Participant: 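Handing you this structure, nothing more for now.
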Amino acid sequence: MNIPLVITEHSSIINKPILKKTLKKCVFKSYSNADRIISVSSSLGRIIKKHFNIDTAIIHNIVDTNDFYFIGDRKVNSFTFLSVGNLVPGKGFNNLIDAFYNANFNKSVYLKIIGSGIEYSKLQRKIKNMSLDNQIELLGFKGRKEISKIMNESNAFVLASQSETFGVVFIEAMASGLPIIATECGGPEDFVNKRNGILVPINNLCMLTKALKDMYNTVDIYNNEAISIESRLKFSPDNISNQLTNIYSSLYDVNNKKTV
């Protein structure tokens with residue numbers, strides 16, 4: 001019996017314009033022995049095609065949205081942007097804080113950042129130096145249920161990453177009914193559209209600032225419930241597992257016909 005090999009690629013190490021020769025050689029050997037390569041975003045698929053001249057199937061990650069759901073209208077007496085991620089340079093929190101500062105929001109607009117990491121102290125000093133202590137809050141690490149609760153208390157989600165092969169946290173935010181602001185960093189291009197948010201170029205402070213202001217001024221145009229329903233259906237275990245099953249079943253049938 002021939003057993004097919006399928007590799008699902010989601011590593012951010014691959015999602016770079018230039019790869020080290022040793023890494024490229026190792027990955028190419030693995031890919032060459034596989035019957036099918038799956039990538040979790042179109043952007044990652046294009047990178048793999050560029051580096052290895054191999055076509056991939058695009059199947060997004062399954063996202064467990066059981067803890068993330070739309071509960072109804074948000075607060076109207078204030079506005080909260082929420083961001084979630086490890087406090088590391090690649091997540092773009094330094095740029096996000098700069099953009100929030102440049103937007104010059106009134107005192108009823110807030111930015112809450114969930115996450116821990118090596119940039120915590122640096123970002124905290126930056127917030128203090130900008131006199132934004134009363135508007136930007138670093139909340140540290142939070143569990144899934146805590147994040148869900150804070151999402152339900154927020155008005156919009158923003159993450160200014162430099163690179164994402166997919167971006168599970170965006171889907172969790174949308175499942176909570178939040179419109180999102182994302183950078184064109186890989187994964188988000190597959191699911192961010194005019195119905196659910198705004199895409200901006202990577203490291204473009206001017207465009208990120210504009211996106212924050214546009215989101216604040218036009219948040220009412222988004223259908224929060226529709227955003228939640230669409231994301232929960234598109235990335236549900238049933239939907240994604242069906243796509244994976246089709247890949248595996250077709251390869252199993254092909255490989256076993258060879259033995260007949």
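The structure displayed is predicted, hence computed values, not measured ones. As a basis for the values below, the full set of heavy atoms in this structure was taken, side chains included, without hydrogen atoms, waters or symmetry mates.
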Participant: Quick one: are I48 and N53 in side-chain contact, heavy atoms under 4.5 Å?
Facilitator: no
Participant: Mind checking whether E230 and M174 have side chains closer than 4.5 Å, heavy atoms only?
Facilitator: no
Participant: Considering non-hydrogen atoms only, spot the tightest contact between F191 and G167 and give its length.
Facilitator: CZ-O, 4.1 Å
Participant: I71: which other cluster members, linking ILVMFWY side chains closer than 4.5 Å, directly or transitively?
Facilitator: Y69
Participant: Ignoring hydrogens and geometry, is there a side-chain-to-backbone donor-acceptor pair from S231 to A175 under 3.5 Å?
Facilitator: yes
Participant: Under the side-chain hydrogen bond (donor to acceptor under 3.5 Å, both in side chains) criterion, do S148 and D67 qualify, and how do the steps go?
Facilitator: CA-CA 6 Å; S148 174; D67 291 326; over 6 Å; no
Participant: Let's go through N77 and S108 carefully: what are the C-alpha distance in whole Å and the side-chain angles of both, what is the deciding distance for side chain to side chain contact (heavy atoms under 4.5 Å, CB included) to 0.1 Å, and is it a yes or a no?
Facilitator: CA-CA 8 Å; N77 58 338; S108 66; over 6 Å; no
Participant: For N196, does its backbone N or O pair with a side-chain atom of N193 as donor and acceptor, under 3.5 Å?
Facilitator: yes
Participant: Would you say E225 has more than 12 foreign heavy atoms packed within less than 6.0 Å of its CD?
Facilitator: no
Participant: Any idea which heavy atoms bring S241 and I62 closest together, and the distance?
Facilitator: N-CD1, 4.4 Å
Participant: Between atom CG of L111 and atom CD1 of I136, what is the distance when rounded to the nearest 0.5 Å?
Facilitator: 5.0 Å
Participant: Do you see a donor-acceptor pair shorter than 3.5 Å between the side chains of D238 and S236?
Facilitator: no
Participant: Any non-hydrogen side-chain atom of I180 less than 4.5 Å from a side-chain atom of V158?
Facilitator: no
Participant: Rounded to the nearest 0.5 Å, what's the gap from CZ on R195 to CD1 on I221? Could you check?
Facilitator: 12.5 Å
Participant: Would a distance-only check, ignoring hydrogens and angles, find a side-chain to backbone donor-acceptor pair under 3.5 Å from D190 to S42?
Facilitator: yes
Participant: Are E119 and V88 side-chain neighbours, meaning at least one heavy-atom pair lies under 4.5 Å?
Facilitator: no
Participant: To the nearest 0.5 angstrom, please state how far the CZ atom of F100 sits from the CG atom of N102.
Facilitator: 11.5 Å
Participant: Check I14 against I47 and note the closest heavy-atom contact, atom names and distance.
Facilitator: O-CG2, 3.1 Å
Participant: Using only heavy-atom distances, determine whether the side chains of H10 and N61 contain a donor-acceptor pair under 3.5 Å.
Facilitator: no
Participant: So does T165 get a backbone contact from the side chain of S41, meaning a donor-acceptor N/O pair under 3.5 Å?
Facilitator: yes
Participant: Would you say the side-chain atoms of R232 pair up with the backbone N or O of F68, donor to acceptor, closer than 3.5 Å?
Facilitator: yes
Participant: Going by heavy atoms in the side chains, are F166 and F235 under 4.5 Å from each other?
Facilitator: yes
Participant: Using atom types as modelled and distance alone, determine if a side-chain donor or acceptor of N86 lies under 3.5 Å from a backbone N or O of G117.
Facilitator: no
Participant: Find out whether N203 and N95 are in side-chain contact, i.e. whether some heavy atom of one side chain is under 4.5 Å from a heavy atom of the other.
Facilitator: yes
Participant: Start with the C-alpha distance between I97 and I127, add both sets of side-chain angles, then the distance that settles side chain to side chain contact (heavy atoms under 4.5 Å, CB included), and finish with yes or no.
Facilitator: CA-CA 7 Å; I97 292 170; I127 293 167; 3.9 Å; yes
Participant: Counting only heavy atoms from other residues, nucleotides and ligands, does the tally under 6.0 Å from CZ of F52 exceed 12?
Facilitator: yes
Participant: Spell out, yes or no, whether I240 and L233 are grouped together once hydrophobic residues are joined by side-chain heavy atoms under 4.5 Å, including indirect joins.
Facilitator: no
Participant: What heavy-atom pair brings M151 and A173 nearest, and what distance separates the two atoms?
Facilitator: SD-CA, 3.7 Å
Participant: What pair of heavy atoms forms the shortest contact from Y31 to I54, and how long is it?
Facilitator: CB-CD1, 3.6 Å
Participant: Checking S161 against E164 for the side-chain hydrogen bond (donor to acceptor under 3.5 Å, both in side chains) test, could you report, in this order, the C-alpha distance in whole Å, the side-chain angles of both residues, the deciding distance, and whether it holds?
Facilitator: CA-CA 7 Å; S161 291; E164 296 281 353; 2.7 Å; yes
Participant: Are a donor atom and an acceptor atom from the side chains of N94 and K126 found within less than 3.5 Å of each other?
Facilitator: yes
Participant: Between K149 and E146, does any side-chain N to carboxylate O distance fall below 4.0 Å?
Facilitator: no
Participant: Kindly indicate, with the supporting measurements, whether the criterion side-chain hydrogen bond (donor to acceptor under 3.5 Å, both in side chains) is fulfilled by S39 and T56.
Facilitator: CA-CA 6 Å; S39 49; T56 67; 2.8 Å; yes
Participant: Quick one, F157 with V169, criterion side chain to side chain contact (heavy atoms under 4.5 Å, CB included). Give me CA distance, side-chain angles, the key distance, then yes/no.
Facilitator: CA-CA 9 Å; F157 182 85; V169 70; 3.8 Å; yes
Participant: More than 12 heavy atoms of other residues, nucleotides or ligands under 6.0 Å from NZ of K213: yes or no?
Facilitator: no
Participant: A side-chain contact here means heavy atoms from C-beta on lying under 4.5 Å apart; do M215 and I181 qualify?
Facilitator: yes
Participant: Regarding S163 and N15, do their side chains bring together a donor and an acceptor under 3.5 Å, going by distance alone?
Facilitator: yes
Participant: For G177 and F70, which heavy atoms make the closest approach, and how far apart are they?
Facilitator: CA-CD1, 4.1 Å
Participant: Between D133 and K128, is there a side-chain N and carboxylate O pair less than 4.0 Å apart?
Facilitator: no
Participant: Does atom NZ of K122 have more than 12 heavy-atom neighbours from other groups under 6.0 Å away?
Facilitator: no
Participant: Hydrophobic clustering (ILVMFWY, side-chain heavy atoms < 4.5 Å, transitive) - are L44 and I58 grouped together?
Facilitator: no
Participant: How about I114 and L82: do any of their side-chain heavy atoms sit closer than 4.5 Å?
Facilitator: yes
Participant: Residues in side chain to side chain contact (heavy atoms under 4.5 Å, CB included) with I202, at least two apart?
Facilitator: Q162, T183, C185
Participant: Counting heavy atoms not belonging to F105, are there more than 12 under 6.0 Å from its CZ?
Facilitator: yes
Participant: Mind checking whether L123 and Y110 sit in one hydrophobic cluster, side chains of I, L, V, M, F, W, Y counted as touching below 4.5 Å?
Facilitator: no
Participant: Rounded to the nearest 0.5 Å, what's the gap from NZ on K20 to CD1 on I13? Could you check?
Facilitator: 9.5 Å
Participant: Nearest 0.5 Å, what's the CD1-OG1 distance between I59 and T8?
Facilitator: 7.0 Å
Participant: Could you tell me whether a side-chain N or O of E189 sits under 3.5 Å from a main-chain N or O of G186, the two making a donor and an acceptor?
Facilitator: yes
Participant: Report whether L208 and M130 are members of the same hydrophobic cluster (ILVMFWY, side-chain heavy atoms less than 4.5 Å apart, transitive linking).
Facilitator: yes
Participant: Looking at K210, I'd like to know if its NZ atom is crowded, meaning that more than 12 non-hydrogen atoms belonging to other residues, nucleotides or ligands lie closer than 6.0 Å.
Facilitator: no
Participant: State the CG-CD1 distance between N33 and I7, to the nearest 0.5 angstrom.
Facilitator: 8.0 Å
Participant: Are I198 and V192 connected, step by step, through hydrophobic side chains (Ile, Leu, Val, Met, Phe, Trp, Tyr) whose heavy atoms are closer than 4.5 Å?
Facilitator: yes
Participant: Between R144 and E172, does any NZ, NE, NH1 or NH2 come within less than 4.0 Å of an OD or OE carboxylate oxygen?
Facilitator: yes
